[in-house]
Structures are given as C-alpha cells and as structure tokens.
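The structure follows.
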Amino acid sequence: AQSVAQPEDQVNVAEGNPLTVKCTYSVSGNPYLFWYVQYPNRGLQFLLKYITGDNLVKGSYGFEAEFNKSQTSFHLKKPSALVSDSALYFCAVRVPPGEGSYIPTFGRGTSLIVHP
Amino acid sequence: EAGVAQSPRYKIIEKRQSVAFWCNPISGHATLYWYQQILGQGPKLLIQFQNNGVVDDSQLPKDRFSAERLKGVDSTLKIQPAKLEDSAVYLCASSLEAGHELGAFFGQGTRLTVV
C-alpha cells in the first residue's frame, strides 16, 4: 500500500524567508511524486512533479522540490516566501504504469501561512 | 484556456435524498477524474474515465454512487441515497493523458452538505 505523510498541519514563515513544506512517502516501487496547491475557494493547482531524472524539480511560482530516495522524502521549498503563497499544499504519490494500481494517494495537506 | 467547470458550487440536502454533480473538462482532455475531499483530508480518487470508458472505479461506493461520461466529454456524479458521511467537496479534474500523472487541472469543486 502507498501512503503520504505531511507531518505539519501548519507552517508559518515570514515574508522573504525561505520556506519548506515537508512530505514523506511510502510506496513499493518507484514513486511518481507531486505537489499541488489549493487557494481559498479555488480548485487544486498543479505545482510540480517528479517522475525520473534530476532529483531537484522546479515548478510553478518559484517552487521547487527535492526527491530524496534514501529518506523517502519530497519536500517543497521556495527561497523567498510571498504573502500570496499562503494556501493549502498537498503532496501526492503514485506508482508508475505497470507497477500496480496507479490510484494516487494524497497527503492530508499543510497550511502555509506567510506573514508580512 | 477555459478551466474545468463544475456545478453547482454548493448543495445542501437531507440524508437519504439524491444529488447530482456536473463536470465539463478542459476541451480535448481525454481523462476525467472525480475526487472526494473530506474536510481535513486530502482528495481521494473515486473514479477515472478515459474518454467515455471507466479506467478505475475501485474506490467508488457503488451501492450509492454512480458516474457516467456520455460522449467522452461532460460527466455527472450521482449519490443516491446520500448519507451524512458523504458531506465533502467533490472535485472534478481532467488531463490529456491517462495513467502517467494525476489530473493536473482541477475544477473549483462542489461542496456537499448532508444534514
């Protein structure tokens, strides 16, 4: 069975400071990993994904995430936070085609609050 | 580019009543997904369509939930009869390809409250 853990319900950071939103996963096989953002009263928006290749993945709005296989982590990062980054962030995992059911599993979400 | 459209935005019904949600995916997207997001949890995939065929509905409570995608475009998700625990946001998503990544484009969702 696959699972995703987002250990922090909420992350607080001051504007201009670097931010990290943590995600760890458990899956048998090679993971496909994703980050989505959900702004208030908006649908989920895709930020970035890791499928294969470079462990550092760059995505939308200046976000990036680093795949660490030994630590089974895929933490979301941004060098300088903006107040407008305040939202709910979801990490998700699934296995590649041919390695089993590809129903994705989402984490519970982490609320990011960026203070002015 | 127009996004994924869903209606209604909000719905309040009594338990044991029926309800239907509608989704219009992004034009040209062959894959359509319905997710259920209960408050405080991440979205859970209910059903995935490829064109008008069902790819996976293993997490759909088929005794009360049904979904269809006629002509491979719009889709409806129905609950009959509704239970209190069905209160959630129902998200529709679409993507160009199936099986390789999550639906990258989500609608705003329909917030269902069952009382």
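Lettering follows sequence order; numbering is per chain, from 1.
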* Minimum heavy-atom distance Q37(B)-F90(A), with the two atoms named -> NE2-CZ, 3.1 Å
* **Contact winner vs chain A - G42(B), C92(B), G40(B), P43(B), heavy-atom pairs under 4.5 Å** => P43(B)
* Is there a chain of hydrophobic side chains (I, L, V, M, F, W, Y, each step under 4.5 Å between heavy atoms) that links L82(A) to F63(A)? -> no
* Interface moiety of Q6(B) toward chain A, non-hydrogen atoms closer than 4.5 Å -> neither
* So does K62(B) have more than 12 non-hydrogen atoms from other groups sitting under 6.0 Å from NZ? -> yes
* **Within residues 66-74 of chain A, residues adjacent to chain B where the heavy-atom gap is under 4.5 Å** =>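 Against chain B, none of the residues of residues 66-74 of chain A fall inside the cut-off of heavy atoms under 4.5 Å.
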* Asked: Which atoms of Q6(A) come close to chain B, meaning under 4.5 Å heavy atom to heavy atom: side chain ones, backbone ones, both, or neither?
  -> neither
* Asked: When you look at CD1 of I113(A), are more than 12 heavy atoms from neighbouring residues, nucleotides or ligands closer to it than 6.0 Å?
  -> yes
* Asked: Side-chain heavy atoms under 4.5 angstrom apart, residues restricted to Ile, Leu, Val, Met, Phe, Trp, Tyr: same cluster for L32(B) and W22(B)?
  ->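 Shared cluster, no.
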* To do: Tell me, yes or no, whether the heavy-atom count around Q17(B) atom CD, taken from other residues, nucleotides or ligands under 6.0 Å, exceeds 12.
  =>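 It does: Q17(B) CD has more than 12 such atoms within range.
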* salt bridge (charged side-chain N to carboxylate O under 4.0 Å, His left out) contacts in which one or both residues fall within residues 73-94 of chain B, not counting sequence neighbours ->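 Pairs touching residues 73-94 of chain B that pass the test: R64(B)-D86(B).
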* So if you build clusters from Ile, Leu, Val, Met, Phe, Trp, Tyr with side-chain heavy-atom gaps below 4.5 Å, do F49(B) and V73(B) land together? ->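 Shared cluster, no.
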* Heavy-atom contact with chain A under 4.5 Å, split by part of R9(B) ->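 Only the side chain of R9(B) comes within 4.5 Å of chain A.
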* Distance, nearest 0.5 Å, that separates OH of Y39(A) from CD of Q108(B) ->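 Between atom OH of Y39(A) and atom CD of Q108(B) there are 14.5 Å.
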* Asked: Hey, quick one: are Y36(A) and I51(A) part of the same hydrophobic cluster, counting side-chain heavy atoms closer than 4.5 Å, chains of contacts allowed?
  -> yes
* Treat each ILVMFWY residue as a node, draw an edge where side-chain heavy atoms are under 4.5 Å apart, and state whether Y61(A) and Y89(A) are in one component. =>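 Yes.
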* Quick one: CZ on R94(A) to CG on L45(B), what's the gap to the nearest 0.5 Å? ->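 Output value for this atom pair is 10.5 Å.
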* Asked: Within a reach of under 6.0 Å around CG of L39(B), are more than 12 heavy atoms found that belong to other residues, nucleotides or ligands?
  -> no
* Structure fact -> Note: P104(A) and Y35(B) closest approach over all heavy atoms is CG-OH, 3.9 Å
